[in-house]
Amino acid sequence: AQSVSQHNHHVILSEAASLELGCNYSYGGTVNLFWYVQYPGQHLQLLLKYFSGDPLVKGIKGFEAEFIKSKFSFNLRKPSVQWSDTAEYFCAVTPYNNNDMRFGAGTRLTVKP
Amino acid sequence: SQTIHQWPATLVQPVGSPLSLECTVEGTSNPNLYWYRQAAGRGLQLLFYSVGIGQISSEVPQNLSASRPQDRQFILSSKKLLLSDSGFYLCAWTEASGFLNEQFFGPGTRLTVL
């Protein structure tokens with residue numbers, strides 16, 4: 001089965017700093033990739049997803065992620081974070097046309113005002 | 001539109017007591033259904049998933065079981081809770097077929113076993 005690694009467990013940034021959260025997966029075939037976010041006290045919700053096409057995917061709230069197939073990576077980026085981005089971020093992967101989704105351990109982002 | 005419900009929202013149970021957590025989905029048919037446990041620093045651990053009524057796949061051997069008595073109902077159970085069963089349990093659904101396989105999550109149940 002596929003697996004997902006998120007190497008940053010807790011990231012602390014000041015407002016306006018740039019963000020990059022790492023995500024690497026292990027699976028030999030075609031995959032669908034996701035980033036989910038969980039704001040304090042709220043449901044997990046989808047931030048962005050990649051199925052095919054342009055490997056640079058734009059999501060909500062100014063987030064984007066780039067799929068680099070050769071590196072098995074799908075890193076999340078945001079040029080300038082805000083205090084309201086404080087949340088936990090999860091990377092997830094499914095084999096193409098398969099609903100067996102596997103999540104990374106999550107990265108907690110704290111943005112200081 | 002589709003919605004997913006979980007109850008109860010919070011639960012405190014003594015060790016050795018039984019457990020039943022319920023998840024229901026509205027506005028869709030024949031969804032795939034999932035139970036996850038979310039633990040701090042360990043992300044989401046897939047416990048069970050179901051592709052149809054009565055069809056349950058278990059990902060991790062444990063003290064828990066799951067059932068799907070109806071198309072849009074998914075139940076997580078235990079006959080005797082352990083301390084280690086404490087955690088945050090999330091139910092999710094996804095379209096069974098087609099290209100879209102984004103998962104949609106419920107609000108979760110916080111279980112504390114004392």
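Protein chains get the first letters and strands the later ones, always in sequence-line order, with residue 1 at the start of each.
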Margin query: Please tell me whether B/Y36 and B/F88 form a close aromatic pair, meaning their ring centres lie under 6.0 Å apart.
Written below: no
Notebook entry, point to check: Non-hydrogen atoms of chain A under 4.5 Å away: do they reach the side chain of B/Q45, the backbone, both or neither?
Noted result: neither
Checklist line | Aromatic A/F63 / basic A/K78 pairing, under 6.0 angstrom, 45° off normal | finding: yes
Checklist line | Selection from A/H10, A/Q6, A/Q38 maximising heavy-atom pairs under 4.5 Å formed with chain B | finding: A/Q38
Next item on the list: Among B/D85, B/L44, B/L76, find the one that has a side chain to side chain contact (heavy atoms under 4.5 Å, CB included) with B/R37.
Entry: B/D85
Next item on the list: Could you tell me whether a side-chain N or O of A/Y36 sits under 3.5 Å from a main-chain N or O of B/Q103, the two making a donor and an acceptor?
Entry: yes
Next item on the list: Among the options B/P107, B/G108, B/G106, pick out the one with the most heavy-atom pairs lying under 4.5 Å from chain A.
Entry: B/P107
Next item on the list: Select one option (side chain, backbone, both, neither) describing which atoms of A/R102 are under 4.5 Å from chain B's heavy atoms.
Entry: side chain
